[in-house]
Amino acid sequence: MPEMPEVEALVRWLGDRLDGAVVVEVEPASFAVLKTYDPPVSAFSGLTVSGVRRHGKFIDIDVDGLHLVIHLAKAGWLRWSDHLRDARIKMGGPLALRFRVDRGDGPHEGFDLTEAGTRKGLAVYAVRDTAEVPGIAHLGPDPLAPGFALRPLLDRRMQVKRLLRDQSIIAGIGNAYSDEILHAARLSPFAIAQTLDDDEVARLEAAVQSVLTEAIAAADGKPADELKDAKRQRMRVHGRAGEKCEVCGDTVAEVVFADSSLQYCPTCQTGGQLLKDRTTSKFLK
């Protein structure tokens with residue numbers, strides 16, 4: 001799933017290409033992808049893109065005060081084309097929506113939203129105010145926003161891994177970067193947020209800032225089709241179960257849940273102990 005660094009890179013990259021462009025058409029290829037009906041997507045045609053912004057993991061394309069908001073979910077992605085054909089797109093298949101623009105200097109350009117697999121989560125909202133999007137209305141603070149304070153958010157009796165991923169508490173962090181942050185902070189994913197001592201909180205605060213800032217810097221300027229591979233290559237523990245930790249040389253371990261998994265380094269994060277599962281493990285720190 002694209003998380004804050006990839007979405008931020010996409011937003012910057014799209015902004016360079018869409019700012020000032022005139023929308024030709026927003027064309028859904030799936031009934032399921034569009035979550036709103038007022039305003040209709042036809043209302044965007046002829047209007048000018050005035051900005052592209054990020055809210056957590058949401059992409060917000062501002063079109064003369066109307067907003068096309070995109071959440072890529074787990075398997076959604078964006079594919080840019082410098083030359084989109086004028087032919088109508090077919091319903092069904094991985095293609096979910098086409099956003100076509102005229103920049104006044106050549107053929108129509110734009111992007112396709114696609115989603116792989118049968119489990120559909122890709123969502124597009126056409127709204128007059130981004131607060132009309134439920135996921136944005138309930139977002140917690142952005143961890144890279146000026147004045148962000150992590151310490152008050154930790155006063156919860158919940159596992160720190162789950163807290164970092166909860167979009168209503170902190171916006172933009174998902175499964176991959178929560179693994180990377182906890183590895184950098186040398187904390188167990190099962191540690192209880194409310195019980196962290198001052199040194200652990202300080203390490204976590206520093207890791208949130210450094211991991212996300214470095215990831216955005218590494219992703220910045222990369223075209224959309226390179227972001228996924230670039231993200232995988234940057235990961236130190238996430239998705240690397242069975243490989244050597246590049247910090248200590250131990251083997252990266254994994255905990256598998258029904259619909260997700262987490263990876264961690266036992267030596268760096270749990271005092272050498274293996275975590276069995278989220279309910280029976282005794283290794284909370």
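Treat the numbers as computed from the prediction; the structure is a model and nothing was measured.
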Chemist: Who are the ring-ring contact (aromatic ring centres under 6.0 Å, His included) partners of Trp77, not counting sequence neighbours?
Modeler: none
Chemist: Taking side chain as C-beta onward, heavy atoms only, is Ile192 less than 4.5 Å from Met158?
Modeler: no
Chemist: Hey, mind stepping through Asp62 and Ser50 against side-chain hydrogen bond (donor to acceptor under 3.5 Å, both in side chains) and telling me if it holds?
Modeler: CA-CA 6 Å; Asp62 187 336; Ser50 51; 3.1 Å; yes
Chemist: Between Arg98 and Asp112, is there a side-chain N and carboxylate O pair less than 4.0 Å apart?
Modeler: yes
Chemist: Using a distance-only test with no angle check, is there a side-chain donor-acceptor pair under 3.5 angstrom linking Asn175 and Ser260?
Modeler: no
Chemist: Cluster question for you: counting only ILVMFWY and a side-chain heavy-atom cut-off of under 4.5 Å, with indirect links fine, are Leu84 and Val22 together?
Modeler: no
Chemist: Give, for atom CD of Gln209 and atom CG of Leu150, the distance between the pair rounded to the nearest 0.5 Å.
Modeler: 8.5 Å
Chemist: Does Gln167 reach the main-chain N or O of Gly172 with its side chain, forming a donor-acceptor pair under 3.5 Å?
Modeler: yes
Chemist: Check this for me, if you would: do Glu180 and Arg232 make a salt bridge, where the nitrogen-to-carboxylate-oxygen distance has to be below 4.0 angstrom?
Modeler: no
Chemist: So do the side chains of Val49 and Val23 get within less than 4.5 Å of each other, counting heavy atoms only?
Modeler: yes
Chemist: I'd like to know if Asp82 pairs up with Arg103 as an ion pair, taking the criterion as any Lys NZ or Arg NE/NH1/NH2 lying under 4.0 Å from an Asp or Glu carboxylate oxygen.
Modeler: no
Chemist: Would you call Lys231 and Glu6 a salt bridge, taking side-chain N to carboxylate O under 4.0 Å as the test?
Modeler: yes
Chemist: Are there over 12 heavy-atom neighbours, none belonging to Lys74, within less than 6.0 Å of that residue's NZ?
Modeler: no
Chemist: Can you tell whether the side chains of Arg128 and Glu132 come within less than 4.0 Å, N to carboxylate O?
Modeler: no
Chemist: Less than 4.5 Å apart, side chain to side chain, heavy atoms only: is that true for Arg79 and Thr114?
Modeler: yes
Chemist: Is any side-chain heavy atom of Asp129 closer than 4.5 Å to a side-chain heavy atom of His67?
Modeler: no
Chemist: Is the number of heavy atoms from other residues, nucleotides or ligands under 6.0 Å of Lys228 NZ greater than 12?
Modeler: yes
Chemist: Is Asp220 salt-bridged to Arg12, cutoff N-O under 4.0 Å?
Modeler: yes
Chemist: Do Leu14 and Phe111 have side chains that approach each other closer than 4.5 Å (heavy atoms only, starting at C-beta)?
Modeler: yes
Chemist: Assess whether a salt bridge exists between Arg203 and Asp199, defined as any Lys/Arg side-chain N lying under 4.0 Å from an Asp/Glu carboxylate O.
Modeler: yes
Chemist: Arg165 and Tyr177: side-chain donor and acceptor closer than 3.5 Å?
Modeler: no
Chemist: Under a 4.5 Å cut-off applied to non-hydrogen side-chain atoms, are Glu109 and Trp80 in contact?
Modeler: yes
Chemist: Can Asp179 and Arg236 be counted as an ion pair, charged N to O under 4.0 angstrom?
Modeler: no
